[in-house]
Participant: 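Below you will find the structure I want to go over with you.
A note on names: the letters A, B, ... follow the listed sequences, proteins ahead of strands, and every chain is numbered from 1.
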Amino acid sequence: MRRKNMCHHQQGTQLTLQQWLFVTTKDRRTDKQTPFSLQPNQTNFTETSYVSETTEQTLTTSDELLSQSSTNVTEQQATKTQVFVGNHMDNIFQLQLQSQGFPFQAVAITLDILQATSSRLSSIEILSDLFLAILLKYPQDLLPAVYLCTNRVAAPWEAVELGVGGSLISKAIMEVTSVSKETLRSLYKQYGDLGDVAQICCSRLQRLFKPNYLTAQHVYQSLRKIAQTNGVKSVSRKKNLIQSLLVASRSPEARYIVRILSQHIRVGAVEKTVIAALGRAFIILDAIRSNGEEITSRAQVQKYSIERKTETKLLVERMNRAFSECSDWERIITFLVNDTHSWNQLNEFCKLQPGTPLKPQLGKITKSVDEMIKDLGTDSDISCEWKYDGQRCQVHIIENGVVQLFSRHLEDMTSKYPDVVSSFADISGVTSAILDAEIVAVNPSHSQMYLPFQYLSTRARKDVQLNQITVQVRVIVFDLMFLNGVCLIEQSFRQRRQLLERHFRVRSVTLPETLISSQVNEVEAWLNRAISNGCEGLMCKALDGPNSVYYPSKRSEGWSKIKKDYVEGISDTMDLVPIAAWWGNGRKAGWLSPFLLACYYDGEFQSVCKVMSGFSDEEYKSLTEFYLRDKTLPIKPPYYQVDESLRPAIWLQACQVYVLSYEKKLNLTIP
DNA sequence: GATGACTGCCC
DNA sequence: ATTCTGC
DNA sequence: GCAGAATGGGCAGTCATC
């Protein structure tokens, strides 16, 4: 064993969904071939309503239907599935125009199909057909549909949170369907997905009156309502909203209502796939419109798709760029829906601008200085910056002097750091800018001394007042993407860096410690120095050449990060003994993980940490077998000193010693 | 008002 | 954050 | 290599409950 991540004891009061349901999963499904709950002959669309009055269905039969890629399947079944998919996609184009809006059931069935599709190209095509069908008759429903498919309610910086998790959803399902907690538990244990569980429970629901069918718009608006619900009794009001969706659901809507609420849509299509699908849909829509053709089948669409391949590719490229500079579906879709003939102006309309965050560039993990230099190449000078142990921050200085701060995932965190905001007020010669930065905690009495992320994370997160700051910070700016009205992301890092130094070498902000070198020895010494100053390692960047432009959202070749725990032989180590374990979830179902490790001292084993990474799958398997064979204990021995709140599933004989390396930043307290 | 369960968001 | 997987 | 989905620890904020 080379390396293990270390962690503190879990607090004990906090439960994961799995713990809430007391699940020790053994046969949880993680494959994409989870069942449909709709059979081919149940998609017989009626004249008046898209939604067929489905009779009771069992999951066993739909299980069979969707097992097309498993080994013991007949070709007959595979064909059956294909026919079903084809029928469904045709049916989507034959929807009768109705005032209510685009049926959510059509979205849900499409997501079911998507989940069973592993090919990315097919996924794009299926999703694209859905979007096209919406565009043809319900263009105003496209945005809600895209939000539902991408599992979002609003742009990330808009501070709209559902405030709904596994616990609340489970309660809602139990109350609506009168399913007992025990049944829910065992279903969850069996399927490993709350959406699947909801689908099974809701499909058994008997109703006196069939409620009106759900529209994509209605489901989306309900999500917004749930997000807006707060204050006293908000939890039960949220629950009521969830329940009314579940009550109105038709197969397989409940599955996706729940998956969307729990933020795990699990259909293998999130962002890039949706962009590619949308691009294709808009191009085909344009072609259909100019031809004046009536679309009633998928085959017609296919024809256009082949014809317009080049244009599609171009638009998708534009959309990708637009989305990385302005991750705002509303803005992009509004433009495309309203302005279908001036797509070349998309990147003008959705471009980098202060006030809207762009996706930050990420660094590629590198295991050694040698490898880093090889990766970045020798054509360009390499800038090696200390990688500070803090929080990523994108600083926006807007024309009128307003400053806004965004996190790595584009959340607005302006109100968390009023001190950082004031650092950027009134910088001479700067009217607007976008900067990339790291916020690091510092020791209040020695502001040169950086403190670990652990300490920074204790800072209050909302509406921090300047005079009530407990955690002092410093902001380290390391890139400049926009300055005084000019976008810089396509300039070389050397040029951006020059502008950064010229305008932001001011007292209130700091530039990272930097060494420009391609000498292995020099860089290794520099890495050690960074680490001994409390940094995580180095971020190494090409100064010139094509790799030195700013790539939004990319884990690009241009940035290479070396962290001390990637590098052999740098970390400190401890000798620890496994004394207990839990059953793993998901991929690790059936194996022991995590293990509880202890150190031996004076006749007792004192628990130190849990360890859950660092083993290969094979090692998990053999470790599990090794301990289960004859090394388990029925109860906790008295000489195991373990925190009360920890309840391992299995106690183990102390019989193996592991050498663990750990990260100093975790501030371990060893008894 | 204190506590604990739950959720979201950092890494 | 890291890690794994199918394409 | 990419995109997506799986996994982890640990913190603050919010709300229900006692």
Participant: Please tell me whether T273(A) and S123(A) have a donor and an acceptor in their side chains that are separated by less than 3.5 angstrom.
Facilitator: no
Participant: Would you mind telling me which of dA6(D), dC10(B), dC11(D) lies closest to the side-chain atoms of S407(A)?
Facilitator: dC10(B)
Participant: Does either side chain, that of R259(A) or that of Q115(A), offer a donor lying less than 3.5 Å from an acceptor on the other one?
Facilitator: yes
Participant: Out of dA12(D), dC11(B), dT14(D), which nucleotide sits closest to the side chain of K462(A)?
Facilitator: dT14(D)
Participant: Could you work out which one of dC10(B), dA1(C), dC11(D) sits closest to the side chain of K387(A)?
Facilitator: dA1(C)
Participant: So, Q391(A) and Y417(A): side-chain donor and acceptor under 3.5 Å apart, yes or no?
Facilitator: yes
Participant: Across the strands shown, which category fits I365(A) at heavy-atom distances under 4.0 angstrom: base, sugar-phosphate, nothing?
Facilitator: sugar-phosphate
Participant: Between the base of dC11(D) and the side chain of R461(A), is there any donor-acceptor pair under 3.5 Å?
Facilitator: yes
Participant: What is the separation between atom CD on E158(A) and atom C1' on dC9(B), rounded to the nearest whole Å?
Facilitator: 17 Å
Participant: Which one, dA6(D), dG10(D), dG6(C), comes nearest to the side chain of Q454(A)?
Facilitator: dG10(D)
Participant: Mind checking E271(A) for me? I need base, sugar-phosphate or nothing, with any heavy atom below 4.0 Å counting as a touch.
Facilitator: sugar-phosphate
Participant: Would you mind telling me which of dC11(D), dG4(D), dA1(C) lies closest to the side-chain atoms of T273(A)?
Facilitator: dG4(D)
Participant: Out of dC10(B), dT14(D), dT7(B), which nucleotide sits closest to the side chain of L168(A)?
Facilitator: dT7(B)
Participant: Do side-chain atoms of S262(A) reach the backbone of G165(A) as a donor and acceptor pair under 3.5 angstrom?
Facilitator: no
Participant: What nucleotide, of dC15(D), dT7(B), dC10(B), holds the atom closest to the side chain of S167(A)?
Facilitator: dT7(B)
Participant: Would you mind classifying the nucleic acid contact of K364(A) as base, sugar-phosphate or nothing, using non-hydrogen atoms under 4.0 angstrom?
Facilitator: nothing
Participant: Contact class for L121(A) (heavy atom, under 4.0 Å): base, sugar-phosphate, or nothing?
Facilitator: nothing
Participant: Out of dC11(B), dC15(D), dG13(D), which nucleotide sits closest to the side chain of R408(A)?
Facilitator: dC11(B)
Participant: Measure from the side chain of V232(A), starting at C-beta and using heavy atoms only, and say which of dA3(D), dA16(D), dC6(B) lies closest.
Facilitator: dA16(D)
